[in-house]
Each structure stands twice: as structure tokens, then as C-alpha cells.
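Sequence lines set the chain letters: A, B, ... in the order given, protein chains first and strands last, and positions in each chain run from 1.
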Amino acid sequence: MADDQICPKCGAPLPADVAPGHCPKCLMQVGFESQDQAVADPAEAPTAVSGHSGVTWDLDQLASLFPELEIIKQVGIGGMGVVYQARQKQLDRFVAVKLVRPDLCDDPTFSERFTREARAMARLSHPAIINVFDFGQREQFYFFIMEFVDGTNLRQLMQSEGLDATQALAVVPQICEALQYAHDEGIVHRDIKPENILVDTKGRIKIADFGLAKLINPEATDFTLTGAKQVMGTPHYMAPEQLERPLEVDHRADIYSLGVVIYEMLTGELPLGRFSSPSEKVQIDVRLDEVVLRALQKEPEKRYQQVSGIKTDIEAVSASPTGHSPRQSVVPPTVRQAFNNLQYPGYGLYCVVNC
Amino acid sequence: MDDAGFPSPHSGRFATTRWSIVQAAGVQATPNSRHALEELCATYWYPLYAYVRRRGYQADDAQDLTQSFVLSLLERNAVQRADPDRGRFRSFLLGSLNKFLSDETRKQGAQKRGGDRKILSINVDDVENRYQLEPTDDITPEAVFERRWALTVLDAALTRLQGDYERVGKLPLFEALRGHIGADKSTIPNREVAESLSMQEGAVKVAAHRLRQEYRDALRAEIAQTVTNSKELDDELTGLFQTLSGT
Ligand SMILES: [Zn+2]
């Protein structure tokens, strides 16, 4: 700080009676800032949490529900429920406690589905996938106790810093490895989006909420209903077939969603409407256009068939950053020509590739 | 959307902010509502004191008056007379204090009662020392009160965050970044902080961003304790900001 009498940001004189470096005006101004989009998104609005159930998420109440835990603070909130950081007293380690919104558990089949999906999640054991330590029900709350990740998520990273192409390309292979592992285990994530991709302080990827979307809404047939949208959050990352034929979704839906995430990381925008190829928006290797486009194909058969394919192609681009590929183009030229004809009406879910 | 809801992570808690508990209790004070009012008074004790001092009372008198004012609030459930249209705790408190001070009989009785019983453990020497640091410009008691209130809110939010960081063993990180919460991102010495804490520079950037978000939430939560709905929260935030911009 050049001058300790004047705030370097707003130019206001700093009062003598406040701590050094703390400009009261600038501090108060922080209160006007919007929250991270993860929370500010109306589909994820926390009113949905309390609105339906009337439950107050009171720390004291939680403490009595979970005597074995020291509940530390709320760290996240979304359409599905609330996440707290807690400490397991016995093991003296931090965990994340995720409480499912009680009103989502009304359905009589919920308990059985919860157990089935939670067991599937708990079977996954991979360094880039959040570990599920325990799950169950206490009073009206269904909960998961999970690995606590000290870090942030891709959404916050994009918002606070913006990611350059190199950084974006560095995280993609890690995501691919985790997804490939889960797919090999027969588990589809179904809700890949930046909020679910966590990054710890060492830069390691941790994917959260495997299969949780299926648990909450296995039918997921009607996205025009407000309730369903609240449950599922934003549909921008969902594969077209996920909305049209949700029961037939396979691992290739995750590949589509990952395509949206990569597009957004590279360009800062979602591939909506008549979207430009990434290299038209930012200066990056044109070979990345082909990778993204192939992941974003409307027909699952035309996408990468395995998520490991994205990893291979991205790593090839990273390994020869000269701008021209040592390999054959990964996407046929006809598909590439069709790039500018991609059209996504409405939520951007129906693209016309072969016109 | 639920009107009673509160569009922030503290949703669902509006029904339990301190001031709304106090107001909801009204005449029928409950242990909860009394506790809530006590906590509010403890947090905002100093702005009250500074106001009384600026009204011209000497330090000893001001301490007695402030204490007995708070005691009278707690004892008489004076909240029952709060004007529901003036929902904010801040305006209620200043209005009540003015009435208290202008009430000559109460003022005289206060001298004794102040010494009877310790209601809130306020370090009286500290507050006077603090008061001596107040700007001596020609500002009104009301302006002193408003400004002190705003600074108290900021302070309470920082203290709350500090506690959170301390509980998870990250006090050094908080200490390193607290001075930069309101600052431009570009001015944060990420590299130096990273080196001093053996963290990666990118991780420091993320941590600074998170701290700012958490401060934002803590600040709004702190203000929420003194109002009863989200519109009042926004109004109050705007008012406090104007207070700090004005001088
Ligand atoms: Zn400033």
C-alpha cells in the first residue's frame, strides 16, 4: 500500500480508528456483491431449500442430530440440499455432510433408491472422486458423509480468475480419468457441471455427486415443471437425450456434459444458440474445436464413445502446441463444416448437425 | 418464491434472526428473546456509548447511562412499544435511547441502578480509550452513532469469519488475507502470501476469492440479525454504506 492514509481503491481517506488496510467503505461495498453463480442461479436458489419444507437449517439442531460430529459451517447450498463442513470427533478429520432436502424424499420409493444409489457411490474409489464415507437417515434428513475438499470448484475458478487454455487443458485429463473409471464401474454421473468439479488447494480435481441426479429424480421426464428444474438445476450441461429419453441415458451423456464444461472453460460462455467454435472466440489451437464439437454431438453415437478418447486428444494437443496436428484430424471435415450450423433453440438442447 | 424466505445462504433463518425473535416475542419475552436482545445490545453497546458521550455526558455518566438503558430495555421488554413500521433494530435502539435520555426521572434513577448489577460485561476503560480515538470533527451525536454502528457491523463480520478460520486451523491464512478483502484483486500480493504460507500462488488467489465471498455472506448475515426481512436488509446495507461514504 503506497499511502496508508488514502484507500488505494476508492481514494477515501482511511480513518485512524480502524485497522490498517481496512477501508470501511470498500468493506461495506463487498456486501452488495452478488454471490457466486452456483448459488445465485435461481434454479439453485436456497429458498427452494427452506421454501418447500419449512425446515430451518440450524446449526444447533444439526449438532443434536449428529452428536459424533462437530458441525463447523455451511459451505454450500443447491437445489438438492445443503452441505456443511464438519469434524468427525473420533477420527479428528474434516468431512462434508450433505443433507438432502426433506421435501425431495417424500416419495415412498425414496428410501430404497437412496440406499441403492448411495451404495453405488460409496463403491467408487478413485483419487479424483469424492469418497462417500457413510450415509443414512436421521429424523427427516437423509444424509451423506463425504470426503471434505479444501478448495474451490471450477465455477468459482472461472469466475475469480478465468482459466487460460493451458490451465483448462490441465484439468480435463484428470476429469476424464475419473469419469472413465466410474463408467467402467457402470456408474454415470448425470450431472457434470462446473459446480460439481472441485479443485483442491493443490490443484487436484475431485468430482462430487456421482449419480445423485438419478437418485433425486429418476424419471426426470418433465423439465417444464418448476419443481423438476429446481431439483435438477440448470439443464445447460445436459445431453439432449437426457431431456428427451432420460431413462435411456448412458455414459455418453457425461461426455456431452464434459464437452459443455470444456467449451465454457475455453471461452467463458455456454455453447448456446448458434455458438461459435472456441477458436473463433479465443486464441487457441483449432484442434480443440474438433474435440469439443465431437463431445457436443447431438447423437450419442457420433460423440466420443469413451471419455478416455477426450483425454487422448486433449493430451495430443497439449503435447504438440505448434498449432498443427501430427495426427489425423479427429473429426471428419464435413462435421467441422457443420459447426456454424449448430443450432440450439430454447435451452440449447436440439442441435441440427447434418443439414 | 417464498416471501418470508431470505435469498442468501442464510435462508430459512430469517425467522430466527435476533431482532425478529425479539420482535416476535413482543410483550411475552421468552428466555430466547431475552438472550437475543442481550446479544444485540452487547454487540452494539459501543455505538450507544459513543452517542451518549457525544451528547455531552462525561465518561462515568455515559457508562452508567448506557448500561442502565440496556438494562431497562431488557427488564421492561421495551420492545413491545417498537413501532412495527420502523422495523430495524438500529432505528429502534436510537429512538429508545433518545427517549430514555430525555426522561429526566429515569436518568436520575439510572445512576444508582447502573452500579447494582453487571448486565453486560463491558470493559469500561477500554470503551473510553476507544472513544478518545473517535474523530474530533464537528460531527453530530447521530453521525457518530451511525458511523460507529457501521464499523461495528464490519467488525462483527470479520470476527465471525476469524472464528470460522480459527476453528479449522487456518488463522494464518485469514490473517494474511484479511487486509485485502475489500481491495482490488490485482493488488493482492499473492506471491508473497503464497511464499509466507507455503501455498501455491493459484491456491492463494482462490482462497482470497473465497474469503471475500465468505465475508460478503458474514456481513449480510450480521446485518440480517438487526432486521426482519430481506428488503430491510438491502435498505440497511445501503444506509450503512452511505454513512461510510458521507464522511
Ligand atoms: Zn476504499
Given side chains that start at C-beta, do those of Arg167(B) and Lys73(A) come closer than 4.5 Å, heavy atoms only? no
Mind checking the CG-CZ spacing from Leu27(A) to Arg216(B)? Nearest 0.5 Å is all I need. 14.5 Å
Considering only heavy atoms from C-beta outward, does the side chain of Phe32(A) approach that of Asp234(B) to under 4.5 Å? no
How long is the span from the OG1 atom in Thr201(A) to the CG atom in Leu197(B), to the nearest 0.5 Å? 11.5 Å
Between NZ on residue Lys25(A) and CZ on residue Phe241(B), distance to nearest 0.5 Å: 5.0 Å
Select, from Val168(B), Leu240(B), Leu219(B), Ile181(B), the one with the greatest count of heavy-atom pairs under 4.5 Å involving chain A. Val168(B)
Quick check against the 3.5 Å criterion: does His22(A) have a side-chain atom that pairs as donor or acceptor with the backbone of Asp155(B)? no
Please check if atom NZ in Lys202(A) has more than 12 non-hydrogen atoms from other residues, nucleotides or ligands closer than 6.0 Å. no
Are Val30(A) and Arg212(B) close enough that some pair of their side-chain heavy atoms sits under 4.5 Å apart? yes
Are the side chains of Lys205(B) and Leu157(A) in touch, meaning some heavy atoms are under 4.5 Å apart? no
Below 4.5 Å from any heavy atom of chain A, which atoms of Arg210(B) appear? Answer side chain, backbone, both or neither. side chain
Which distance, rounded to the nearest 0.5 Å, do you find between the CE of Met28(A) and the CD of Gln242(B)? 11.0 Å
So what's closer than 4.5 Å to chain A heavy atoms on Ala208(B): side chain, backbone, both or neither? neither
Please find the pair of heavy atoms, one from Leu244(B) and one from Pro24(A), that lie closest to each other, and give the distance. CD1-O, 3.5 Å
Looking at Lys9(A) and Gly182(B), would you say the former's side chain and the latter's main chain have a donor-acceptor pair under 3.5 Å? yes
